[in-house]
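Input: a single structure, listed below in structure tokens.
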Protein chains: 2
Amino acid sequence: MNVQRMGGDGTVGKALDVLDRVAAYGRPVRFSELLEGSPFPKATTYRLLQTLVSQGMLRLDPESGTYAPGMRLVRMAHAAWAQSSLAPIAQPHLDRLSQEVGETVHLAQLDGAQVLYVDKRNRAAKVPMYSDAGKVGPAYCTGVGKAMLAFLPEAELTRVLAQQSWHPFTGATITSPQAMREELAAIRDRGHAYDLEEHEPGIRCIAMPVLSARGRVQGAVSVTTDGPGPLDDHLPALRAAVTRIAGDLRDWRFPDKGEDQEWQASS
Amino acid sequence: MNVQRMGGDGTVGKALDVLDRVAAYGRPVRFSELLEGSPFPKATTYRLLQTLVSQGMLRLDPESGTYAPGMRLVRMAHAAWAQSSLAPIAQPHLDRLSQEVGETVHLAQLDGAQVLYVDKRNRAAKVPMYSDAGKVGPAYCTGVGKAMLAFLPEAELTRVLAQQSWHPFTGATITSPQAMREELAAIRDRGHAYDLEEHEPGIRCIAMPVLSARGRVQGAVSVTTDGPGPLDDHLPALRAAVTRIAGDLRDWRFPDKGEDQEWQASS
DNA sequence: AAACCCGGTTCCGATATTTGGAACTTCCGA
DNA sequence: TCGGAAGTTCCAAATATCGGAACCGGGTTT
């Protein structure tokens, strides 16, 4: 159950599929562009777009005849962000961590097989903003991604690993499930993950997962740098931040999802 | 056309209506709670919820049987935020403004009859307030709201004013369209708006609209304070920031919507 | 212990919606 | 003037949705 694919159920599924497609282009799209690559016939796609526009989920620029995601999404997302993510709880701790380490700090959650960044503190800008919230990235070659994978229940891990692209972004990128499982074992051992230029050249980071009381992965925090300094210098601060977040998490009785499966290091 | 009410068209409209309802509660909701107040019968609401969950738009906590907005929304909203809003363009200018005035800074857009905050810079990171992007507020008693209303085309203004609640948040709140029109005329004259404790006691702000080349309202920026200092001190910096944002807006040839109507001070 | 209530879930025929191939209409550029 | 591409509308057939009612599991009352 709970399959990943979309466009599945009924009209609503189709509409959301179209919505996703529009969002996927990083720019306003014309109807015809959208059409090629759409699994639905012309008239259907057209009608769905109409509906979405009338609902405010899409914005149609009448001048250029292009569609773009609408602001209603932002409004809705606020609610999601505020109550369905770690971000509100982690907020003050990220502030403090960012202060302490003086580097860019990320908070991410696992969304399907991808990493979803839900908050961020920029190194330079002393004041945060969530330009990055909502951004997604690969799980298999980012610090936060690997930190979370390492503590996933076996069944879930298998499923997620099967969905990775294993694209070799750099020479250091891990490109196979087997190699990844070894890496994850090491991460479990030492309690934190590194990303040593596996995603972007010159970018390294150290990351730790945030676990619920039951040991379920709730998210991950990372400290990123593009400089030469040793990452481990940030470990104490990072560990402290994650501990505090997990603590608050427990207190606030946050949605700790259903099944209380054991995650185990099998394989 | 382009009416405001929702739940209008077909299944998709209904689904989005339900989604909105869930988001409206600031917390996970039980099915039964949602049911009372839902315009749809039990079975229908149930099926819609199921669909939304399976689509990742909602998250169902199987333990407590509660629904909450899902992370897919955040992912989608990122796209909306990045391309359908002023925020990405205004980013650096907000940073600078925030630096210069040392107070809380907001960037907002008009979304229907409400003000939608799309970005923010906190004065001191000490306040455990979370990201305001996506938050909505009343248009008739906020600085950004009034600044934008003042430069709306007459037809649109009439429509928007008709949709305000005119709830008297404080003693200073403007509570009638007539009074508002006078206020708006004054705002047009001087080029900027004030909110003198009209929304929250002790909170004052000064705001200016961001206009496109054609004179259409694209958003507004405000500087907020809870202290005693004179607001006009911030005017130069605010004006400069707005000017720079508008400049970039022009360069980047940003979506300047269709009709190029005159806004006029009639009445 | 039986009866009862209350969320939550499922059924299923009637009904309204969606579907999508095809035709039509602008609007260009040649 | 012609040809083609993008966008829009039609409409009967096919299908998904609708929603009243029944069902289920569990807790509480009688």
Side-chain angles (χ1 to χ4, degrees), chain A residues 1-3 5-22 25 27-55 57-70 255 257-259, chain B residues 1-3 5-22 25 27-70 255 257-260:
Chain A
M1 67 195 62
N2 185 8
V3 208
R5 63 95 181 77
M6 47 205 6
D9 15 29
T11 317
V12 176
K14 288 173 196 168
L16 292 176
D17 182 62
V18 170
L19 187 54
D20 252 349
R21 259 167 232 282
V22 175
Y25 289 70
R27 55 177 176 81
V29 221
R30 223 174 297 282
F31 173 59
S32 51
E33 301 184 78
L34 215 41
L35 203 50
E36 51 194 69
S38 170
F40 315 113
K42 205 178 178 182
T44 301
T45 304
Y46 184 72
R47 202 162 358 85
L48 290 173
L49 284 171
Q50 261 188 172
T51 304
L52 288 169
V53 167
S54 122
Q55 288 294 325
M57 302 297 283
L58 287 180
R59 206 167 50 77
L60 167 61
D61 182 347
E63 201 159 336
S64 61
T66 55
Y67 297 86
K257 300 207 210 71
E259 335 80 271
Chain B
M1 67 203 60
N2 186 10
V3 209
R5 61 95 183 77
M6 48 205 9
D9 16 30
T11 317
V12 176
K14 288 174 195 168
L16 292 175
D17 181 64
V18 170
L19 187 54
D20 254 347
R21 260 169 231 282
V22 175
Y25 290 70
R27 54 178 178 79
V29 220
R30 221 173 295 283
F31 174 59
S32 51
E33 302 183 76
L34 215 41
L35 203 49
E36 51 195 67
S38 170
F40 315 113
K42 204 178 179 182
T44 302
T45 304
Y46 184 73
R47 198 161 2 85
L48 291 173
L49 283 171
Q50 259 189 173
T51 304
L52 288 168
V53 167
S54 121
Q55 288 295 324
M57 302 297 283
L58 287 181
R59 207 168 51 78
L60 167 61
D61 182 347
E63 198 159 338
S64 61
T66 55
Y67 297 86
K257 299 207 212 72
E259 334 80 272
D260 190 0

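All heavy atoms count here, side chains included; hydrogens, waters and symmetry mates do not. Just so we're on the same page: letters track the sequence lines, and every chain starts at 1.
Annotation: side chain to side chain donor-acceptor pair (under 3.5 Å) contacts involving residues 31-45 of chain B, sequence neighbours excluded, comprise B:Arg27-B:Glu33, B:Ser38-B:Thr45.
To the nearest 0.5 Å, atom NZ of residue B:Lys14 and atom OG1 of residue B:Thr51 are 12.0 Å apart. Taking CG from B:Leu19 and OH from B:Tyr67, the interatomic distance works out to 13.0 Å, rounded to the nearest 0.5 Å. Distance check: B:Leu48 CG to B:Met57 CE gives 13.0 Å after rounding to the nearest 0.5 Å.
As a whole-Å value, the separation of B:Leu34 CG from C:dG8 P is 10 Å. In this structure, the CZ atom of B:Phe31 is 11 Å from the P atom of C:dT10, given to the nearest Å. Between B:Leu49 atom CG and C:dG7 atom P there is a gap of 16 Å when expressed in whole angstrom units.
Residues A:Leu52 and A:Ala15 approach most closely at CD1-O, 3.5 Å, considering heavy atoms. Closest non-hydrogen pair, A:Phe40 versus A:Leu35, comes out as O-CD1, 4.4 Å. Nearest heavy atoms, A:Pro39 versus A:Arg21: CD-NH2, 3.4 Å. Considering every non-hydrogen atom in both A:Leu58 and A:Leu49, the closest pair reads CD1-CD2, 3.5 Å.
For DNA chain D, the contact window with chain B, defined by any atom under 4.0 Å from a protein heavy atom, covers D:dT17 to D:dG20 in 5' to 3' order.
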Self-check item: side chain to side chain contact (heavy atoms under 4.5 Å, CB included) between A:Leu16 and B:Val12, worked out
Solution: CA-CA 9 Å; A:Leu16 292 176; B:Val12 176; over 6 Å; no
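For the helix from C:dA1-D:dT30 to C:dA30-D:dT1, the end axes, each set by the C1' atoms of five terminal pairs, are bent relative to each other by 20° (nearest 10°).
A donor-acceptor pair under 3.5 Å is formed between the side chain of B:Arg30 and the backbone N or O of B:Ser64.
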Quiz prompt | Footprint string (nucleotides 16-21 of chain C, 5' to 3'): B base within contact, S backbone only, - free, heavy atoms under 4.0 Å | solution = --SBBB
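Each of A:Asp9, A:Asp20, A:Asp17 was evaluated against B:Gln55; a single residue qualifies, A:Asp9, per the side-chain hydrogen bond (donor to acceptor under 3.5 Å, both in side chains) test.
Under the rule for a ring pair (Phe, Tyr, Trp, His ring centres under 6.0 Å), the partners of A:Tyr46 that lie at least two apart in sequence or sit in another chain are A:Phe31.
Within the 4.0 angstrom heavy-atom criterion, no nucleotide atom of any strand lies near B:Glu36.
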Under 3.5 Å between N/O atoms: give me all the protein pairs with nucleotides 25-29 of chain C, atom names plus distance.
none

